[in-house]
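Both counts, for ligands and for their atoms, begin at 1 and track the order of listing. Remember, predicted model here, so these are calculated numbers, not experimental data.
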Amino acid sequence: MSEPPYLSMVVPIRDEREGSEILFSRLVPALEASSVPSFEILFVDDGSTDQTADLLEELCGADERCRVIRLRRAFGKGDALGAGFDEALGSVIATIDADLQENPEEIDRLLRVYEDGTDLVIGWRNQRRDGLGRRISSALFNTVVRWAGGPPLHDGNCGFKLMRKELARELPLSGGRFRFMHLVAAHWGYRVGEVQVSHRKRQTGHSHFGPLRAIPALLDLVAILALLKGRGRPGFFFLKWGFVLSIPGSGVLAFLAFLRFTEGTIGFRYPLLAFGSLLLLGGIQLLLAGVLVEWLGSRERGRPSYRIDRHRHEMGARERDR
Ligand code: UDP
Ligand code: MG
C-alpha cells in the first residue's frame, strides 16, 4: 500500500473461528460501500487456540488492505485493541467486535458524527439484544461512569467506535481499562458523542466475559479515576484522602490528650478515642500508599498531561488560508 489509508478498522478477535468467514465477508464490502476514501482492516488475534488467525490469514489472502496481527498469547481485549491502534496506518480508527452484534454497514453513521467534529464516536445500542442480566449490568455501568464524571452517553461500552488516531494511541486500554475510553477522552477535553446503531444477538461462538466482569470493571474504574483525578499524579488521589482522614484524626486525638492533661481523664470518651485512632491510622495508610505510588510511578512524574487539539488547529489554519 503506497498511500496510508484513511481509516483503519481494528477487530479484536479471540476464538471466533466459527464466525470469521461471515465477519470477513461482511466487513470488506461494508467498508467498500462506505464513504471512506480508503481503508485497512486489522484483525488482532488475541491468542486464539482454534485457528482463527490461520483462517483469517487465508481469507485476507492477497488483499493488502487486510492484515492479521497475532498476539503471542491471549492478552485480553484491551491489549488486542492497543496492538491494533499501534499498528494502524489510518488517521481515523474504527473498532468493531468480531461477533458482529453491530453492523459494519452502519459505519457511515459514525463517520458523519466524526466528520462534524466529534473525536470519539460510540455506537448506542438503543435496542439491545442481550439478556436481561447484561442489560441491567450495562445500565449500572453507564450510570456509575456518568456519576464518576464521564460524558452523558447512553452506552459507553459498545464495541463499535470511531476515533481520531492520536486519541486512540494514548488511551489506557490494558486489563479492563478499554471500557472507559469515553471517560478518559472526555476528561482530556476530546469531544465524545454517540449515535444509534442496531444490535442483534450473538450468532456464533460465545461471549468471553461472564457476569462477574462487573467486579474487575469497578477496580479498573477506581484505578482510572486515581489517574485522572490525580492530574497525572496517581499518588495524589491517595495523598489527598490521606490528609482528609489523618488531619481530623489528629485533631480528635489532640483534643483527648488535652482533656487528659487538663482534667486528668478522658471520661467516657473511649468511642471517640477509637474513632480518632481509626481516622489517623486509616489516613496514615493512605498517605503511605500515596507516597509509594508516587515513588514507583516516578518514571511518569512530571510528564505533562495536556492533549493538544490538532484538529482545531488545522481547521483554524484552513480558515485562515481561505
Ligand atoms: N475478545 C478478545 N479477547 C478477549 C475477549 C474478547 O479479543 O479476551 C474479542 C472477542 O473475540 C470479540 C470482542 O473482543 O471480538 C468482544 O468480545 P465478546 O463478544 O465476548 O464480548 P461481549 O459482547 O460479550 O461483551
Ligand atoms: Mg459480543
Tell me, which protein residue and heavy-atom name are nearest [atom], and how many Å apart are they?
| atom | result |
| --- | --- |
| atom 21 (O) of ligand 1 | F209 CD1, 3.3 Å |
| atom 25 (O) of ligand 1 | R134 NH2, 3.0 Å |
| atom 8 (O) of ligand 1 | R14 NH1, 2.6 Å |
| atom 14 (O) of ligand 1 | K77 CD, 3.4 Å |

task: Would you sort out whether D130 and R202 count as a salt bridge (Lys or Arg N to Asp or Glu O under 4.0 Å), showing the intermediate values?
output: CA-CA 8 Å; D130 279 322; R202 210 183 219 280; over 6 Å; no
- prompt: Are the side chains of S246 and L279 in touch, meaning some heavy atoms are under 4.5 Å apart?
  reply: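 Of all side-chain heavy-atom pairs linking L279 with S246, none is under 4.5 Å.
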- request: Mark the output for G76 as yes if a heavy-atom distance to ligand 1 is under 4.0 Å, and as no if none is.
  value: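 Yes.
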message: Please tell me whether H154 and E194 have a donor and an acceptor in their side chains that are separated by less than 3.5 angstrom.
response: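 The criterion, which ignores hydrogens and geometry beyond distance, is satisfied for E194 and H154.
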- request: Consider only side-chain N and O atoms of S138 and R128, and report whether a donor and an acceptor are under 3.5 Å apart.
  value: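 Short answer, yes.
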message: Taking distance alone, with N or O pairs closer than 3.5 Å, would you say P12 contacts ligand 1?
response: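 P12 vs ligand 1: N/O contact under 3.5 Å present.
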query: Between A98 and ligand 1, is there a nitrogen or oxygen pair with a distance under 3.5 Å?
result: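 Min N/O separation from ligand 1 is below 3.5 Å for A98.
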Atom indices of ligand 1 within 4.0 angstrom of [X] heavy atoms, with elements:
| X | answer |
| --- | --- |
| S207 | 20 (O), 22 (P), 24 (O) |
| Q101 | 23 (O) |
| R202 | 18 (P), 19 (O), 20 (O) |

- request: Search all heavy atoms of I107 against all heavy atoms of S34 and return the closest pair with its distance.
  value: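 In terms of heavy atoms, the two residues are closest at CG2-CB, 3.5 Å.
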task: Search all heavy atoms of P152 against all heavy atoms of R146 and return the closest pair with its distance.
output: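 Here P152 and R146 meet closest at CA-CD, 3.9 Å.
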- prompt: Between R73 and F75, is NZ or CZ placed under 6.0 angstrom from the six-membered ring centre and within 45° of the ring axis?
  reply: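 Yes, R73 lies over the aromatic ring of F75.
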message: Cation-pi check for F209 against R179: NZ or CZ below 6.0 Å from the six-membered ring centre and within 45 degrees of the axis, yes or no?
response: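 Yes, R179 lies over the aromatic ring of F209.
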query: Backbone or side chain, does S207 get an N/O/S atom under 2.8 Å to the Mg ion (ligand 2)?
result: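 Short answer: no, not a single N, O or S atom is under the cut-off.
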query: Taking both backbone and side chain into account, is any N, O or S atom of D97 nearer than 2.8 Å to the Mg ion (ligand 2)?
result: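 Under 2.8 Å: D97 has no N, O or S contact with the Mg ion (ligand 2).
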Residue portion contacting ligand 1 (non-hydrogen atoms closer than 4.0 Å) for [X]:
| X | value |
| --- | --- |
| D46 | side chain |
| R213 | side chain |
| E16 | side chain |

Spacing of I93 atom CD1 and F85 atom CZ [to the nearest 0.5 Å]: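 The CD1 atom of I93 sits 6.0 Å away from the CZ atom of F85.
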- request: Treat each ILVMFWY residue as a node, draw an edge where side-chain heavy atoms are under 4.5 Å apart, and state whether W124 and L162 are in one component.
  value: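 Result: no, two separate clusters.
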message: Looking only at N, O or S atoms, which one in D99 sits nearest to the Mg ion (ligand 2)?
response: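 In D99, the heteroatom (N, O or S) nearest the Mg ion (ligand 2) is OD2.
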Pick from T52, I13, D99: the one approaching atom 19 (O) of ligand 1 most closely through a non-hydrogen atom: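 Answer by nearest heavy atom: D99.
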query: Stepwise, does the side chain to side chain contact (heavy atoms under 4.5 Å, CB included) test hold for L120 with Y190?
result: CA-CA 7 Å; L120 168 62; Y190 285 96; 5.8 Å; no
